[in-house]
2 protein chains.
Amino acid sequence: MATSRIVPQARFSAQARLRALQSEIMELILDRKLEAGDPLPTENELSLALGVGRNTLRESLKVLQALGVIEIRHGFGMFVAPSNLEALADGLSFRSRLSLRHRGVEALQLIEVRRALESGLIGGSIDCMTAEQLAAIDEAVTLMEELAAAGEDMIAASAQFHRRLFEPLDNELLMSLLDVFWSVYSKIPAELGMDDEGLPETVAVHRKIYAAVASKDKTLAAELLDTHFDGMRRRVAEVVSA
Amino acid sequence: MATSRIVPQARFSAQARLRALQSEIMELILDRKLEAGDPLPTENELSLALGVGRNTLRESLKVLQALGVIEIRHGFGMFVAPSNLEALADGLSFRSRLSLRHRGVEALQLIEVRRALESGLIGGSIDCMTAEQLAAIDEAVTLMEELAAAGEDMIAASAQFHRRLFEPLDNELLMSLLDVFWSVYSKIPAELGMDDEGLPETVAVHRKIYAAVASKDKTLAAELLDTHFDGMRRRVAEVVSA
DNA sequence: ACCGGGACATGGGACATCCAATATTCTGTT
DNA sequence: AACAGAATATTGGATGTCCCATGTCCCGGT
């Protein structure tokens, strides 16, 4: 191997090479102090700068796009993306669906993590909740009740409810995570052929949670969330084991 | 034939097309009832089956690889991947570094989420912890103490400690999330120019947490974790606001 | 009979070169 | 001044070609 190859990247495993390329692009963004919304060099410039073919570069760029690092606009250019973990939902969702074919372990894990997050953070959210935000939660519950009465799908309304529960924390990361979990969770009933989100009990629990939050009862709110997710967990477990 | 393909969802943005292609591949995996470790068709077969060029297909495949859906082995083939969210760390980590650069709010959000997760799940972990797992935690604390005494870097040891705390739950999703958070968190001190993980107080807190876990005191363990992360939060907040 | 090395087949990795699709920007006409 | 269409820049996608990594298998040596 004394033949010191001129090749930029040594003969590391292919996976490592691709990741290295991605890292290089990210470093380039950080080095040039680009911020969200700023344009990146064009594909041609980048492929030249990094010494790789445009096609190889594009593979990395698409990955970065999927990871939510950059935004690619056809015919215009590439830009540093604003925060959003949405893309991760695809991978997670796929994995959960795959797991549901066996014993649903991943789906159950997802619910467990979500339970810990929501019941663990509700206290802090109650602390800094404004009257308007409380009213927005009330509104979401009311919408759920109406949809449930009409027998319509209320998964989206439920998501909005949970989202608004934690808006006071002003924590984008948490919001993104909740969105991801929700988008995965929303596919579970369809995959299992169950329809539990429409149950009147579910709506009632949400109403109770709202009441607890409104009365600033952190312990009760946390408990209710716990039982809510516990119920979900049990239902999924039942269907899967059947 | 492929030429006169009327392109079902043609007029959607290119982004949507790429995502659709990824979905098609995932559907294909699910339809064929492939499980983790099973081989996928070759790139050529897939590009033929899906009616796209091999290059385009590869872009999607690389994305799926990054999302942890498939595993690509050079010269051998592609396989349905076992669980691993490691790749997601790249995106998260990048974004956090981007935000640390000016505001550091995301760092605070990250710590908050981590606090909720760990203090919310420690109880369940204590419930199903074996003697061996407890011993492993003890070992991790001891390692931290030794490293701290020697004045060496103990971030990795700290990560191992937290990881072992939640091993009893056997929740891969949680483990992956903790890894992600840790990989981001480990970059915070460097990015902000602080060096707090080496403090003797930190080690002492970890020892106390171990003691609480060993005595099955869920409440105390959760409290200690809370204060631990709260301390972190305060230190980061100081540096950021300075 | 057993072991090892090398040829071979398979399949992913990388690149160059087209051309198509599309968003922005400029320009010319009204 | 305002609008329509052309020019341009940039990404999207397809194809062909070659390279290289990995696994398999045969064949020869021991």
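Every chain is numbered from 1 and lettered A, B, ... according to where its sequence line falls, protein lines coming before strand lines.
Between B/Thr42 and C/dG11 there is no side-chain polar atom (N or O) within less than 4.0 angstrom of OP1 or OP2. A close approach under 4.0 Å does not occur between any side-chain nitrogen or oxygen of A/Thr56 and OP1 or OP2 of C/dG13. Not one side-chain nitrogen or oxygen of A/Arg73 sits closer than 4.0 Å to the OP1 or OP2 atom of D/dT11.
With sequence neighbours excluded, no residue forms a salt bridge (Lys or Arg N to Asp or Glu O under 4.0 Å) with A/Arg73.
A salt bridge does not link B/Lys62 to B/Glu59: none of the charged side-chain nitrogens sits closer than 4.0 Å to a carboxylate oxygen.
Rounding to whole angstrom units, CG of residue A/Leu61 and P of D/dT11 are separated by 9 Å. A/Ile70 has its CD1 atom 15 Å from the P atom of D/dT10, to the nearest Å. When rounded to the nearest whole Å, the span between CG of B/Leu50 and P of D/dA14 equals 11 Å. Residue A/Arg58 contributes atom CZ, which lies 6 Å from atom C1' of D/dT11 at whole-angstrom precision. With rounding to whole Å, B/Met78 atom CE is found 15 Å from D/dT22 atom C1'. Rounded to whole Å, atom P of D/dA9 lies 18 Å from atom CG of A/Leu46. Rounded to whole angstrom, the span from the CG atom of A/Leu57 across to the P atom of C/dA14 amounts to 12 Å. In this structure, A/Glu43 places its CD atom 14 Å from C1' of C/dC15, rounding to the nearest Å.
For A/His74 against C/dA23, a side-chain-to-base donor-acceptor contact under 3.5 Å is absent. For D/dG12, the base has a donor-acceptor partner in the side chain of A/Arg54 [N/O atoms by modelled type, under 3.5 angstrom].
Nearest-nucleotide mapping onto DNA chain D: of A/Asn55 and A/Ile72, the residue sitting toward the 5' end is A/Ile72. Each of A/Phe76 and B/Phe76 has a nearest nucleotide on DNA chain C; the 5'-most of these lies closest to B/Phe76.
Atom-to-atom distance recorded for B/Met129:CE and B/Leu165:CG is 6.0 Å, nearest 0.5 angstrom. The structure places CD of B/Gln160 at 12.5 Å from CE of B/Met154, a figure rounded to the nearest 0.5 Å.
For CD of B/Glu43, the number of neighbouring non-hydrogen atoms (other residues, nucleotides, ligands) closer than 6.0 Å is greater than 12.
Side chain of B/Val52, nearest nucleotide from C/dG12, D/dA14, D/dG12: D/dA14.
Using a 4.0 Å heavy-atom criterion, one finds that A/Gly53 contacts the sugar-phosphate atoms exclusively.
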